[in-house]
Visitor: 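The following block contains the structure, expressed as C-alpha cells.
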Amino acid sequence: PGTISINVPGAVQQALLYWEGANQEAADFTPFMDIAVSGISVTGESIGGNTQYSGGFVTVSYRADITSLVSSGDNNLVIDGLDFTQVNDGAGVLVIFDDGLTSAIEIRDGSDYAFRSELPGGSLRITEPQTFLFAPSPVDRTAALSLFFGAVAGTVSGAGTARPTTIEIS
C-alpha cells in the first residue's frame with residue numbers, strides 16, 4: 001500500500017492506473033484484479049503477462065481507467081489491495097490533461113517483461129522495439145517520452161537498490 005501524489009495543472013481528460021506484481025505460479029493468474037483507490041474499489045484488466053521467470057514465478061500487469069477519481073490540482077491517491085501471491089511490485093498513474101496547448105499523445109501499454117538474470121540467449125533478455133512514426137518537418141521539434149517500470153528498486157526487488165535499466169533511443 002502507498003500514496004501516489006500528483007498535481008494536475010489542467011482539466012483531466014483521462015487518468016489510467018497501472019499496477020504489476022508477481023504470482024507464485026501461472027495458475028494464480030486472473031484476467032481482472034480488484035484493488036482500492038482511496039477506499040474505492042477499482043477493477044483492472046490484465047494488459048500483459050502471466051510471463052514466467054525465475055523459480056517459476058509469473059509477472060502480470062493491469063490497467064484501470066480512474067478518470068472519475070482524479071481532478072485538477074492536488075491529488076493523493078491511496079493505493080491498497082494488490083493481491084499478487086508472490087510480490088506486489090507497484091503502481092503508477094498516467095494523467096492526460098488539457099493545458100490549452102495543442103499536442104499529440106500516443107500511448108503504448110502492456111507488459112514487455114525483461115529479466116536481468118535470464119540466461120544468455122533467453123527470450124526475457126530482449127524487449128520489443130517500438131517505432132514512433134511522424135510526418136517530416138523543416139523545423140526542429142521536441143518530444144517527451146514517459147515510461148513506467150515495475151520491480152526495479154528496493155528490497156522487494158531482490159537488488160536492495162535500483163537495478164540497472166537501459167533505454168536506447170535512436
Side-chain angles (χ1 to χ4, degrees), residues 1-23 29-51 59-84 87-114 126-154 156-157 162-170:
T3 301
I4 297 174
S5 298
I6 52 175
N7 181 289
V8 181
V12 175
Q13 302 298 301
Q14 188 173 29
L16 299 170
L17 174 67
Y18 293 89
W19 67 96
E20 183 270 338
N23 289 316
F29 169 77
T30 58
F32 298 94
M33 179 184 276
D34 292 331
I35 65 169
V37 179
S38 300
I40 298 168
S41 181
V42 171
T43 300
E45 182 175 1
S46 172
I47 58 169
N50 220 24
T51 304
T59 180
V60 184
S61 299
Y62 293 88
R63 175 190 61 224
D65 189 316
I66 60 165
T67 304
S68 65
L69 303 178
V70 178
S71 59
S72 295
D74 290 329
N75 293 266
N76 292 299
L77 305 170
V78 179
I79 310 299
D80 198 8
L82 280 73
D83 194 23
F84 296 96
V87 65
N88 301 314
D89 285 328
V93 175
L94 169 70
V95 179
I96 301 168
F97 60 91
D98 184 352
D99 62 0
L101 301 174
T102 301
S103 60
I105 297 172
E106 186 173 337
I107 297 175
R108 304 208 182 159
D109 60 15
S111 180
D112 193 6
Y113 188 79
I126 303 168
T127 57
E128 186 67 30
Q130 298 293 313
T131 301
F132 297 88
L133 301 174
F134 46 89
S137 174
V139 297
D140 289 344
R141 294 171 289 175
T142 301
L145 179 64
S146 299
L147 305 166
F148 280 136
F149 297 95
V152 296
V156 173
S157 74
R163 290 181 176 171
T165 300
T166 302
I167 304 300
E168 295 179 18
I169 298 174
S170 60

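In this chain, residues are counted from 1 in sequence order. The structure displayed is predicted, hence computed values, not measured ones.
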Visitor: Is there a side-chain contact between Leu16 and Asp65, using heavy atoms and a 4.5 Å cut-off?
Guide: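 With C-beta onward as the side chain, the pair touches.
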Visitor: Roughly how far apart are Tyr113 OH and Thr59 OG1, rounded to 0.5 Å?
Guide: 5.5 Å
Visitor: Distance check, rounded to the nearest 0.5 Å: Leu82 atom CG versus Asp89 atom CG?
Guide: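 Between Leu82 CG and Asp89 CG, I get 9.5 Å after rounding to 0.5 Å.
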Visitor: What's the spacing between Leu94 CG and Ile105 CD1 if we round to 0.5 Å?
Guide: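 Interatomic distance, Leu94 CG to Ile105 CD1, rounded to 0.5 Å: 8.0 Å.
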Visitor: Say you draw a straight line from OG of Ser5 to CG of Leu77; how long is it, rounded to the nearest 0.5 Å?
Guide: 8.0 Å
Visitor: Taking CZ in Phe134 as the centre, count heavy atoms belonging to other residues, nucleotides or ligands within less than 6.0 Å. Is the count above 12?
Guide: no
Visitor: Check Glu20 against Ser61 and note the closest heavy-atom contact, atom names and distance.
Guide: CG-OG, 3.5 Å
Visitor: Give the minimum heavy-atom separation between Val12 and Ser72, together with the two atoms involved.
Guide: CG2-N, 3.9 Å
Visitor: Using a 3.5 Å distance criterion without hydrogens, assess whether the side chain of Asp112 forms a donor-acceptor pair with backbone atoms of Thr127.
Guide: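 No, the answer is negative, given that no donor and acceptor are paired below the 3.5 Å cut-off.
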Visitor: Looking only at atom types and distance, does a side-chain atom of Asp98 sit under 3.5 Å from a main-chain N or O of Gly100, one as donor and one as acceptor?
Guide: yes
Visitor: Tell me whether Glu45 contacts the main-chain N or O of Thr43 through its side chain, where contact means a donor paired with an acceptor under 3.5 Å.
Guide: no
Visitor: Can you give me the closest heavy-atom contact between Ala22 and Phe84, atom names plus distance?
Guide: O-CB, 3.2 Å
Visitor: Are Asp83 and Thr30 packed together at the side-chain level, in the sense that at least one heavy-atom pair is separated by less than 4.5 angstrom?
Guide: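 With C-beta onward as the side chain, the pair stays apart.
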Visitor: State, to 0.1 Å, how close Val42 and Ala64 come at their nearest heavy-atom pair, and which atoms those are.
Guide: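 Shortest heavy-atom contact: CG1-CB, 3.4 Å.
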Visitor: Side chains of Leu17 and Leu69, heavy atoms from C-beta outward: is any pair under 4.5 Å?
Guide: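 Heavy-atom side-chain distance check fails, nothing below 4.5 Å.
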Visitor: Mind listing the closest non-hydrogen atom pair of Ser111 and Gly49 along with its distance?
Guide: CB-N, 3.8 Å
Visitor: Do the side chains of Val95 and Asn75 get nearer than 4.5 Å, heavy atoms only?
Guide: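 They are not in side-chain contact.
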Visitor: Indicate the ring-plane relationship of Trp19 and Tyr62, choosing parallel, tilted or perpendicular according to the 30° and 60° boundaries.
Guide: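 Judged by the thresholds at 30° and 60°, the geometry between Trp19 and Tyr62 is parallel.
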Visitor: Which heavy atom in Gly81 sits nearest to a heavy atom in Ile35, and how many Å separate them?
Guide: O-CG2, 3.8 Å
Visitor: For a side chain to side chain contact (heavy atoms under 4.5 Å, CB included) with Ile6, tell me which candidate from Asn76, Val93, Asp74 qualifies.
Guide: Val93
Visitor: Quick one: does any side-chain atom of Thr3 pair with a main-chain N or O of Val78 as donor and acceptor, under 3.5 Å?
Guide: no
Visitor: Please identify each residue that fulfils salt bridge (charged side-chain N to carboxylate O under 4.0 Å, His left out) with Asp109, with sequence neighbours left out.
Guide: Arg63
